[in-house]
Structure formats: C-alpha cells, structure tokens
Amino acid sequence: MGYIRNLILFATFIFIGISASNASADADDFNLDYDDPADGESSVDPENIIEMKVQIENVVNQPMSFEMKILNDDDLQSSGIDVWWSHNGDDTLTSKSDTIPKVDVSDNSVKNGITVSVEATENAVYGDYQIDLRCKDKDSDELEELSLSLTVNEKAAVSLQLTEGGDALGSVDIDNQTTYEIQVNNDGNKLDTFSLGVNGNDWETEFDDSEVTIEAFSSQIIILTVTTDDDVNFGDDDSVTITAVSQNDPSIDDDLSLTTQVRVKYGLLLDTASNSNSISGEPGATVSFNFNLVNKWSESINYEVKKKDWYRGTEGNRPEGWSDSTGTGTLDGFQETNSARFSVTISSGADAGEVVTIIVEAIASDDQGKGESVIMEVEVRVEGDYNVQLLMPGSNEISVNAEQLVPISSYIKVKNLAKVNDLIYVTAEWELGGNDWTLETPQPISLASNAEKSLFISVKAPKADAGGQATLKIRVESGGDSSKYDEQNIIFRVNTAQDSSGPQTEELGEESDFPVDPIWIVSIVLIIGLGSSAAFMLNQKSKGAFGGSGEQTEDFSDEWAGMEGAAAPPMTPTQAPPAAAPPVTPPPQSQAPPAAEPSPQPEVPPAAAPAAPTVLTITVPEGVMAGQQIQIKAPTGQLVNVKVPEGCGPGSQFKIQI
C-alpha cells in the first residue's frame, strides 16, 4: 500500500510541473518585445496622447496567429489614463479597444508596429504607471506578457472662487466686520501647498490660515475677514485682491478680487446710460432718458426717477406746454439697472433751438421710509428740419443816386421754411466794390413757421462812385441749424449827373427853385392846421420812406429805427371835424415865412399806427452764453425766444427787430 501511495504522489508532481511549464511567460515558438521606444519607457503630459509600440517574433517554420490584450486598462482609467490598441502592425484600427483579436505573423519573421495609444486626460494623476500587455498563440496555450512603463508628468494649477452663493460685492457697517468664504482649488495633478496673500486694500484684512495643502484635483475653503473702523463713512468702499501661489511651481498662481462697501440705507448711484446728458426732439415729440441706477443698500428698495425742477436759459424761467413722466421700479440689494426711465414731452409750440434744462432726482424707499434724493442735470433741445429762403420778386439790379440812403426792403424778403419758429440771422458783405459805402443791416429776426418778412437793409453810395456799381451778397442763416442758409447778390448801379436829368430830376430841380424848401412851407401849414405828426409823416415821405410816392412798403427811416422799444410814429391823421380857421397872412415872396403864432385849432384824434418793426435792446443775463436761447417779453406782451449771438456774454447787450 505504501508503494502505491508514493507512486500516486509522484505522478501528481509530474502533472503540476507540466501545467506550470504551459503557463510560463516564456513561450518557445515566439517572442513579445519592445519596438518603440526600444526600452519600453515613455512619459506624457496631461491632456496629451502618445504612442508606444511592441513587436512579435515568430521563431518556427510555420505561420502563427496571436491575440493581443491590454490587461489593466480599467485601473489606468481610474487614474485619468486611457489606453487602447490603435494599430495591428498591418492596418490602423478605427475603434478603441483593449483587444486585437488576431495578428498574423509569417514563419521565421517579426511583426512590428503593433501600437498602444496612451492619453493622459486633464485629470491624469502625476506618477509612474505600468501598461500590462499579453500576447497569446491562438492555436495553443502559449503566451507571453510584457509591461510598458509610463510616467504622467507633473502639472501645477490653482484657482480661487467664492463658495456657492457668495458675491464679490459685499457690505459692512461702520466699525464692524464681514467675512467671505473662499474656495481654493488644486487643479494640478499632484499634492500641492499654496501660499495666500492680499494686496491693494486699505481696510484690515486677514485669513484664518495663510497656507493650505491640498490633494490633486481637490479643494479647501478658507475664511477672509474684512474689518472697518469708525473713520469710514456711508458709501465708502475698499477693494482687495487675493492671490494663491503654488509651492510646487511658484510661477503658477491665481487672483480673486473682492469689494466691500459701507452700505447706505436708501442709497442710490445715478448716471445716464449713454455718454450724453442731452437729447433732441421735435415739437410735440416725447423723448426719454435711460439712467444707470445702483442700489447701495443690501436689501430690496423701490425707486422713482422724476423731475425736481426745469427751466429755459435761466433758473425760474419755466417752459410752457411741456410735460414729464416719472419712472419707477424695484431693485434688489446692490442691484444695478440701466433701464430707469424718465420721459419728457416737448411743447408743440416750442421754438427752434430751444433748450430746457431739467434737474432729475432719484429717491429710494421701502415700507419703513425713504432716503434723500440724488440729483443730476440733463437737457432737452428742440430740433426741426430747419431751412430758410431769400425771395426776390423782381430784378437783382437796383439804380441808386449817390449820397442818398436807399432802403431795399421792397426788393428782398426772407422766408422761414421750417415747421418750427426760427431766429434768422442776416449778414451782408460787398463782393465787388462797396468801398466807402454806407451799409445798414437788421438785427436777428424771429419768424414763425412759413412766415415771410422784408429785410430792412439800406445802402448809400459815395459821390465818388457815381457811374460805377457794387455787388452786395446777402446771407440769411437759420438759428436752429447754422448749416441751413440762403444767399443772393444784388447789383447797385450808381447814377451819374446825366442819368439824373430825367423827368424826376427835372421836377426836383423845379422844387429847388423855391427860396425855401417847399417841404418846410407845407410843414408849417400842416403844423398850423393838423399838428406836428402830419409834418413828421410828410418829412418821412420826402425821404423816400414807405416806398416813395404813393407806394405802401415796410421801410422805416433811421428816425424810427432809433426809437428802441417805442411805438411807431403815427400815420397822417384823418380829416379833422369842420372848423373855421382864422385867416393866415401869406409870407412875402422874397422872404421866408414869418414865425407867426398859429391860431388855436381843434384837437385832432390820433390815427392808428402802421405795422412797424420794434427794435429792442437785450441785456444777456448771468449764466447765459453765446448760442443759448433766452425768452424776452416784447412791449406788446408777446413772448419771444432769442438766441444769444456769437461774441456776447453775460452783461453784454445786443439788439433784435420784431
């Protein structure tokens, strides 16, 4: 029995020895070896892919087929490393797999280029790794195993952020503290220690720990405390920049900026949403301002943006026919909006170029009360499609006598083509000749929409220019838009003594035969019979005013132009009630009429005054500059908008004609 038992044990040992020989990594018929790199070692940076190659040598005299497998791909993937077969030595493999089902190797040959692709993902952990491979004969149990050596290189990275729900804009009370929770992230693939620091701050700021050590791809929360003293005021703020620096690689760091403000209950910041505080619109239009509004309190508030005051030109001169609309809304704590709106409707009767300054105020409130207003100034300008035109119904050539002041208002007019009132500026200059000529031009003219008005321009040629000519260029310009203007040329031909010998000259010569100017004789008679006003009118008539003989025009002589703000002289009175006039002894033919005392005459009721221009002298108020508009009141009670001419400042004077 003992002999049989020993025989069985011996047979068992032989079987075990044979089995162990089949499982050996050293096959007899083939060899698995490194191809590229030759030593089977390589390294890779995170977020990169490399290739490592192996080869199979067939040492027998017949073809062989093999199965290739990566044994530990799951373990590698848990460390952020992906591996797969990408080439079988003959063809590129289109799918990522840990197995190549069949690799054919002819007898006594080597199949190289069998490729393993290796990707280190962004989460690949720093360290050394083995990629375990196995090659097995498909027709037997023979196999060989081989390991590729891989190093994932170090990557240092850090980031800072506020914990969920945190805000980079914080608040604090006077002489108090506030805290921030800051998350430090080790975005590197290796354990790292980070140094923390602050800069740029004025208020006291400190961490609960100035260094933190964090595992790869992990994070840790630290506390930052900001402290104020009793020297700060409501509305003050302080900014701090936090920096975290890697000790593995000091070139790697990250910053986070925080701002802490002393919160202001019902506090607001107000500014326009655009770069301009001015808006333009046509008469009757509604224009809107959008404001940036910031709630400086940590709780929700209601707000309103409204008009506090407005004026034209000078404070207290409030616009007529204008209206406004208040804007309202709600802001959360420290919230900002750029849609806080305030609207203005321009008067349909607003004048061109009119400017209204508006003082806007914003007020915050809640159920417990409201705060003080914050204010700013904006302005609305009245605009329109401005245009002006010069009208000349007749010829542009005028004959004049030397040494006579000739008005040309019956020859040229200006028309306002705009839909709004406009202030028209009139200028004239000699383009040809005109040396030593007298030239009188009117002050700026206020014209209603589509209105026309004669231009009261007068010229006088010197005696030396008799027989010559001069060309005058007349320009009218819109006060609402200086790019809109019109120009016309008028040619003045100066009569010679021979030109003046026609019927009219001869008639004047006959009148000159009187020893006393006939106009004075007639004046004396009219003074006796009708009073001085009729004589004044006749005197004006003799000078060519009102269009000359029997022609009604809008001309006015220099006697009237000097009566600033006064009513126009009376027209020739209507016939007086019948009354017996005392006899008047006519003066001798050879002597001037005696200065006899006129007999008492019945009073003559005054006649209605003709429509004549009124010349006003305007003093520029304080705070008003050239180009701005002011409103004045004419003697008739009419309100007139006037644009201050260039070169005029506060306290200076200029004239206008109405």
Side-chain angles (χ1 to χ4, degrees), residues 45-48 80 120-126 152-229 231-264 267 269 271 292 294-298 332-338:
D45 292 325
E47 301 182 78
N48 279 273
T121 67
E122 62 179 355
N123 296 320
V125 180
Y126 166 80
V152 175
N153 296 327
E154 179 181 347
K155 171 190 171 183
V158 61
S159 62
L160 296 173
Q161 68 185 81
L162 291 168
T163 57
E164 186 175 355
D167 195 333
L169 178 63
S171 63
V172 65
D173 293 327
I174 295 175
D175 198 17
N176 214 314
Q177 292 182 340
T178 189
T179 59
Y180 297 89
E181 288 189 352
I182 301 170
Q183 181 174 306
V184 183
N185 303 308
N186 180 4
D187 299 322
N189 62 357
K190 182 180 179 182
L191 176 76
D192 202 348
T193 299
F194 302 97
S195 302
L196 303 173
V198 296
N199 63 82
N201 56 297
D202 293 326
W203 299 347
E204 181 182 343
T205 305
E206 62 179 354
F207 295 105
D208 59 346
D209 196 342
S210 60
E211 283 190 357
V212 287
T213 300
I214 307 173
E215 292 286 346
F217 307 113
S218 300
S219 62
Q220 185 172 323
I221 294 175
I222 60 171
I223 304 298
L224 178 71
T225 302
V226 177
T227 305
T228 62
D229 54 28
D231 289 333
V232 299
N233 299 308
F234 288 121
D236 289 351
D237 60 51
D238 187 52
S239 296
V240 59
T241 300
I242 303 162
T243 302
V245 180
S246 165
Q247 292 188 5
N248 287 348
D249 184 351
S251 67
I252 302 300
D253 58 31
D254 192 35
D255 295 332
L256 176 66
S257 294
L258 305 173
T259 298
T260 307
Q261 62 183 22
V262 180
R263 57 184 183 173
V264 184
L269 290 176
D271 195 7
N292 283 329
V294 179
N295 178 15
K296 297 173 69 176
W297 183 240
S298 56
D332 293 332
F334 301 113
Q335 183 184 353
E336 179 178 358
T337 181
N338 60 1

**Fill in**
When every non-hydrogen atom of A244 is compared with those of L196, the smallest separation belongs to CB-CD2, 3.6 Å
**Asked** Can you list the residues that meet the side chain to side chain donor-acceptor pair (under 3.5 Å) rule with T178, with sequence neighbours excluded?
**Response** none
**Prompt:** What is the minimum heavy-atom distance between W203 and V262, and which atoms define it?
**Reply:** CH2-CG2, 3.7 Å
**Prompt:** Between the side chain of D249 and the main-chain N/O of A156, is any donor-acceptor distance below 3.5 Å?
**Reply:** no
**Asked** What residue pairs, at least two apart or across chains, pass salt bridge (charged side-chain N to carboxylate O under 4.0 Å, His left out) with a residue in residues 193-205?
**Response** none
**Item:** Criterion side-chain contact (heavy atoms from CB on, under 4.5 Å) against V212, the qualifying member of V184, N186, D192
**Value:** V184
**Fill in**
Those residues at least two apart in sequence (or on a different chain) that pass side chain to side chain donor-acceptor pair (under 3.5 Å) with Y180 are T260
**Message:** So, using salt bridge (charged side-chain N to carboxylate O under 4.0 Å, His left out) as the criterion, who are the partners of E336 when residues are at least two apart?
**Reply:** none
**Request:** Could you please spell out the steps behind the side-chain contact (heavy atoms from CB on, under 4.5 Å) verdict for N189 and F217?
**Result:** CA-CA 6 Å; N189 62 357; F217 307 113; 3.6 Å; yes
**Item:** Summary of side chain to side chain donor-acceptor pair (under 3.5 Å) pairs that have at least one residue in residues 164-176, sequence neighbours excluded
**Value:** D173-R263
**Message:** Is any side-chain heavy atom of V226 closer than 4.5 Å to one of V172?
**Reply:** no
**Message:** To check you understand the geometry: which heavy-atom pair defines the closest contact between K296 and Q261, and what is its length?
**Reply:** O-NE2, 3.8 Å
**Item:** Qualifying residues under side chain to side chain donor-acceptor pair (under 3.5 Å), relative to S239, sequence neighbours excluded
**Value:** T259
**Message:** Just to verify, what does N201 make a side chain to side chain donor-acceptor pair (under 3.5 Å) with, not counting sequence neighbours?
**Reply:** T205
**Asked** Between the side chains of N292 and D271, is a donor N or O closer than 3.5 angstrom to an acceptor N or O?
**Response** no
**Prompt:** Does N233 have any side-chain contact (heavy atoms from CB on, under 4.5 Å) partners at least two apart in sequence or in another chain, and if so, which?
**Reply:** D236
**Asked** Which residue pairs pass the salt bridge (charged side-chain N to carboxylate O under 4.0 Å, His left out) test when at least one of the two sits in residues 178-191, sequence neighbours left out?
**Response** E154-K190
**Message:** I need the minimum non-hydrogen distance between Y126 and V152, along with the two atoms involved.
**Reply:** CD1-O, 3.2 Å
**Asked** What closest approach, in Å, do S219 and N185 show between heavy atoms, and which atom pair accounts for it?
**Response** CB-OD1, 3.0 Å
**Item:** Residues in side-chain contact (heavy atoms from CB on, under 4.5 Å) contact with D229, at least two apart in sequence or another chain
**Value:** D231, V232
**Complete:** In short, salt bridge (charged side-chain N to carboxylate O under 4.0 Å, His left out) pairs touching residues 206-215 with sequence neighbours left out are none
**Request:** Keeping to residues at least two apart or across chains, list the salt bridge (charged side-chain N to carboxylate O under 4.0 Å, His left out) pairs with something in residues 252-261.
**Result:** none
